[in-house]
Amino acid sequence: MNAPVQANTKAQLLQNVVEHVDITSFDARPIIDSMRKMSFSSRDTARAADIFSMAIEDNDCSPWLILAGSTSAGGCMHVYRDMVKFGMVDAVVATGASIVDMDFFEALGFKHYQAAGEVDDNVLRENYIDRIYDTYIDEEELQACDHTILEIANRLEPRGYSSREFIWEMGKWLSEGNAKKPGSLIQTAYEEGVPIFCPAFVDSSAGFGLVKHQKERAAAGQPYLMLDAIADFRELTDIKIAAGVTGLFMVGGGVPKNFAQDTVVCAEILGVEAEMHRYAVQITVADVRDGACSSSTLKEAASWGKVQTTHEQMVFAEATTVVPLIGSDAYHRGAWKARDKRRWNKLFGK
């Protein structure tokens, strides 16, 4: 970060809006082509782009987008939206924060802001500003997001929902004229029939609204909505079985990564011989030496029967520096134009 900033008013701190990169506005193919002739992370990035393109070009393949971390808040939100919009991916598995605190948050008309410099985090707290490295979020606006989740929950039948089903309801709510910013990932996925799964959904702004929903309903002696994590796993496994050939484009790791990979094993437990994910790319900065899921390599996943090693590539880079390049490369190569969108929500009557 730059030199310390003395500004201590909210208006001063929230001035510079994060602008999301548009992969359709520039052609990254020459950069990727040049990187293919280089070494180190550049060549890894080019191979990752090639593997993602192979997954899109394979008519039998259903590519999935796997998201963890804060790249949506950092300017990649529209990259992921456009991957869904143009049919480059057929399903999304993400952290709750990526979907709710970032995408749904902006669909409500709120913004993320660039930090102008180094500010005491106690000053940020006094101004009700949350910080993600060098990005700011207005906590009061985030609480408005919490209450919107509460409103959506209150209008639904009190029963168990998978995260996919609840997020579908969020997309429906946005499409009914409630979106202040059209074209969010959630609304686009709803309109394109693309399921979004958040296996740890309540670890986000949605959690606060849903807890309030349950507490208020319980206090009134009324039934309340619940999230069914088992249904999440079952539904995504159903998609894996129906898809047959699959590819994973993973940004970060953690729960979304393992959840998506585990569908192969789950299918096997159900008595279905499902092919390991044929194509896999992971972009991460996590070190592999600590044994964490976020940093376990794709080759390691092969030992678990999850990922084939023929077309897999780890890219050890900060994702906002390479995701736009890979996304733009895939967009301009245009293989998505020949793909039939799978619209996997149809498996669940949506």
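Start at 1 with the first residue, then count along the sequence.
A salt bridge links Arg131 to Asp121: one of the charged nitrogens lies within less than 4.0 Å of a carboxylate oxygen. Under the 4.0 Å criterion applied to side-chain N and carboxylate O atoms, Lys111 and Glu106 are not assigned as salt-bridge partners. Asp120 has no carboxylate O lying under 4.0 Å from a charged side-chain N of Arg125, or vice versa, which leaves the two without a salt bridge. A salt bridge links Arg333 to Asp329: at least one charged side-chain nitrogen sits closer than 4.0 Å to a carboxylate oxygen. Between Lys10 and Asp138 a salt bridge is recorded (basic side-chain N to carboxylate O distance below 4.0 Å). For the pair Arg47 and Asp44, the salt-bridge criterion is not met [side-chain N within less than 4.0 Å of a carboxylate O].
When side chains are defined from C-beta on, Gln261 does not count as touching Ile66, because their heavy atoms never get closer than 4.5 Å. The closest side-chain heavy-atom distance from Asp58 to Tyr279 is below 4.5 Å.
In this structure a side-chain-to-backbone donor-acceptor pair under 3.5 Å is present from Asn178 to Trp173. Although no hydrogens or angles enter the test, the distance criterion places no donor-acceptor pair under 3.5 Å between the side chain of Asp134 and the main chain of Ala115.
The two residues Ile132 and Ala73 have their closest heavy-atom pair at CD1-CB, 4.2 Å. When all heavy atoms of Gly96 and Ser204 are compared, the pair lying nearest together is C-CB, 3.3 Å.
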Could you pull out all donor-acceptor pairs under 3.5 Å where a side-chain atom in residues 74-89 meets a protein atom, sequence neighbours excluded?
unit_1, atom_1, unit_2, atom_2, d
His78, NE2, Lys181, NZ, 3.2
Tyr80, OH, Thr71, OG1, 2.8
Arg81, NH1, Gly183, O, 2.7

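Distance check: Glu318 CD to Tyr133 OH gives 9.0 Å after rounding to the nearest 0.5 Å.
Partner Glu216 forms a side-chain hydrogen bond (donor to acceptor under 3.5 Å, both in side chains) with one of Gln214, His213, Lys212 and no other, that one being Lys212. Of the candidates Cys61, Ser62, Pro63, Cys61 is the only one forming a side-chain contact (heavy atoms from CB on, under 4.5 Å) with Val245.
No more than 12 heavy atoms of other residues, nucleotides or ligands lie within 6.0 Å of CD in Glu273, so this atom counts as exposed by the packing criterion.
With hydrophobic clusters built from ILVMFWY side chains whose heavy atoms lie under 4.5 angstrom apart, Ile186 shares a cluster with Phe110.
The salt bridge (Lys or Arg N to Asp or Glu O under 4.0 Å) search around Glu165 returns Arg159, not counting sequence neighbours.
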